[in-house]
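Read through the structure below, which is laid out as structure tokens, and then see the notes.
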Number of protein chains: 2
Amino acid sequence: MAEVTVDSKSGRGADASPRTQERREKILDAAEELFATSGFDGVTLRQIARQAGVDVALTSYYFGPKLQLFDAVLRRRGEILNKARLDALRSAEEEAAPNPPSIEKVIEAFLRPLEIAQESEDRGWRNYCALIAYVNNSPVWGKKMIGKHFDKLVREFTAAMQRCFPDAPARDIFWCYHNLSGALSLTFADTGRIDILSGGACESHDFKSAYDRMIPFMAAGFRQVCIAGKG
Amino acid sequence: MAEVTVDSKSGRGADASPRTQERREKILDAAEELFATSGFDGVTLRQIARQAGVDVALTSYYFGPKLQLFDAVLRRRGEILNKARLDALRSAEEEAAPNPPSIEKVIEAFLRPLEIAQESEDRGWRNYCALIAYVNNSPVWGKKMIGKHFDKLVREFTAAMQRCFPDAPARDIFWCYHNLSGALSLTFADTGRIDILSGGACESHDFKSAYDRMIPFMAAGFRQVCIAGKG
DNA sequence: GATTAGATTCAACGCTTGTTGAAGTGTCAA
DNA sequence: TTGACACTTCAACAAGCGTTGAATCTAATC
């Protein structure tokens, strides 16, 4: 598979008239939603163009090959989100200085910016998160794309987690982060399965309820493994 | 999308000569691996047939349309796995009777049969689990296929978890199960990302290490949320 | 008002897709 | 040996794919 090295402002029409930029965004919105639903290979450029209300050829004209459009979708909100999460982490650390913040605060910095985005009126954030969930669990896309867009941020967070438990082996920190990441990813997916399993007691798009429980849940898990040891 | 109502023994060649049955299995093996890597739409029947060493037309002859082949792949090992997990749960419950087993024992019954399968010499189980991970986080496949093949088993386990915490609201039980399910799913995916993030300290196919930590981690999370309450 | 560059449309390209019907091959029963 | 039947191959189908080059339109500059 080809490398993707372009940035989100690449391709034509990136700094053109408002009308053009609006169409670019419409294409990204449509691609975001459709990719989230059906994955990279389950969507055609013609579907995306139809939903965006533009000609097929325009998708290639703006973004180049399909893979670069996919990359542009991931990057658009990824940059915003990573910045918000990093700011939240910095705030938590400043507040607790010179001590490290509690693991709850670190996890909260990881999750709450998502809640704000997902609960907003803009449906796009939910589509984006669902796409991340899909891609994250794919061997090919997960390794290639998620790493590219998120590794830098994740390293900041795992380093902060290590500072919460300075005596814990790195192995334990990373497996604990892995648990957090997996649970979060399934929440993103918003599959509606918990609604069915729980007979309506839970709703998969009720992100606040999910995160309210996820924070103490994961914090307790971290402490169990990173302080008491895995046995 | 069309309904799939056939069972795994449907289609032609299901109870024919050993040579024919062997070819059926080869097709399922190839489909399993390729679907796990690239998803339903990212794989063509011609790729599957080539990897299985058979003619394309045979895939349709044996299994019918592509979607039914996909279903047959999910069902083949799903039935075996569900039985092993249910047996493990029953054993844990009998051992603890008349009390409910500890939450650790319930989680262990949920996880250990997977470890045995994944650590076996048969690569097929790892492919199958990676496929489940991929499908589980897809809005369309997750709802349709995972529910069909796993809901019955999951209801047994969530009921057992509820018996561990009889005073906890069902909402809390299901959100905790959700966390377990998500973390497990990411482990299945075996993306190799934890290897990179941890600089080699962890290996994503080291399922035993993952489960050894996941059990105490998740048990502590359950207790925090289901006893202490989400605050 | 002419010129020019970018935005947009249209039509087509070569190629691949899932599926199928007809033809061919093997195998066991009568 | 013949017949029947399931298995296997082959070739083809219509439909759709991503992408592109030429033509057309739009709008700002000279």
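By convention in this document, chain letters (A, B, ...) are assigned in the order of the sequence lines, proteins followed by strands, and residues within each chain are numbered from 1. The model shown is predicted, which means the values in this text are computed figures rather than measured ones.
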Item to check | Counterpart residues, side chain to side chain donor-acceptor pair (under 3.5 Å), relative to A:R155 (two or more places apart) | outcome: none
Checklist entry - Residues two or more places apart in sequence or in another chain: which of them pass side chain to side chain donor-acceptor pair (under 3.5 Å) with A:N82? => result none
Item to check | Interatomic distance where CZ belongs to B:R24 and P belongs to D:dA6 [whole Å] | outcome: 15 Å
Using nucleotides 22-24 of chain C, report all nitrogen or oxygen pairs with the protein that are shorter than 3.5 Å.
none

Next on the checklist: Could you work out, with side chain to side chain donor-acceptor pair (under 3.5 Å) as the rule, every residue matching A:E203, not counting sequence neighbours?
Outcome noted: none
Next on the checklist: What is the separation between atom CD1 on A:I48 and atom P on D:dG16, rounded to the nearest whole Å?
Outcome noted: 17 Å
Next on the checklist: Tell me if the CZ atom of A:R171 is crowded by more than 12 foreign heavy atoms within 6.0 Å.
Outcome noted: no
Item to check | Partner residues of B:N179 under the side chain to side chain donor-acceptor pair (under 3.5 Å) criterion, sequence neighbours left out | outcome: none
Item to check | Under 4.0 angstrom between A:T20 side-chain N/O and D:dT26 OP1 or OP2 | outcome: no
Distance-only donor-acceptor hits, side chain of residues 46-55 of chain B, under 3.5 Å, sequence neighbours excluded:
{"unit_1": "B:Q47", "atom_1": "OE1", "unit_2": "B:T44", "atom_2": "N", "d": "3.0"}
{"unit_1": "B:Q47", "atom_1": "OE1", "unit_2": "B:T44", "atom_2": "OG1", "d": "3.4"}
{"unit_1": "B:Q51", "atom_1": "NE2", "unit_2": "B:E33", "atom_2": "OE1", "d": "3.2"}
{"unit_1": "B:D55", "atom_1": "OD1", "unit_2": "B:A57", "atom_2": "N", "d": "2.9"}

Checklist outcome for this item: So the ring-ring contact (aromatic ring centres under 6.0 Å, His included) pairs with at least one residue in residues 118-139 of chain A (sequence neighbours excluded) are A:W125-A:Y128, A:Y134-B:Y134
Checklist entry - Residues two or more places apart in sequence or in another chain: which of them pass side-chain contact (heavy atoms from CB on, under 4.5 Å) with B:C129? => result B:L114, B:Q118, B:F188
Next on the checklist: Applying ring pair (Phe, Tyr, Trp, His ring centres under 6.0 Å), can you list everything that pairs with A:Y177, at least two apart in sequence or on another chain?
Outcome noted: A:F110
Checklist entry - Once Watson-Crick and G-U wobble pairs under 3.5 Å are found, how is DNA chain C written in dot-bracket notation, 5' to 3', with | for any base paired to another strand? => result |.|||||||||||||||||||||||||.||
Checklist entry - A:F70: what forms a ring pair (Phe, Tyr, Trp, His ring centres under 6.0 Å) with it, not counting sequence neighbours? => result A:F35, A:F40, A:W141
Next on the checklist: At under 4.0 Å between heavy atoms, how does the protein contact nucleotides 9-20 of chain C? Give one character per nucleotide, 5' to 3', with B, S or -.
Outcome noted: BB-B----BBBB
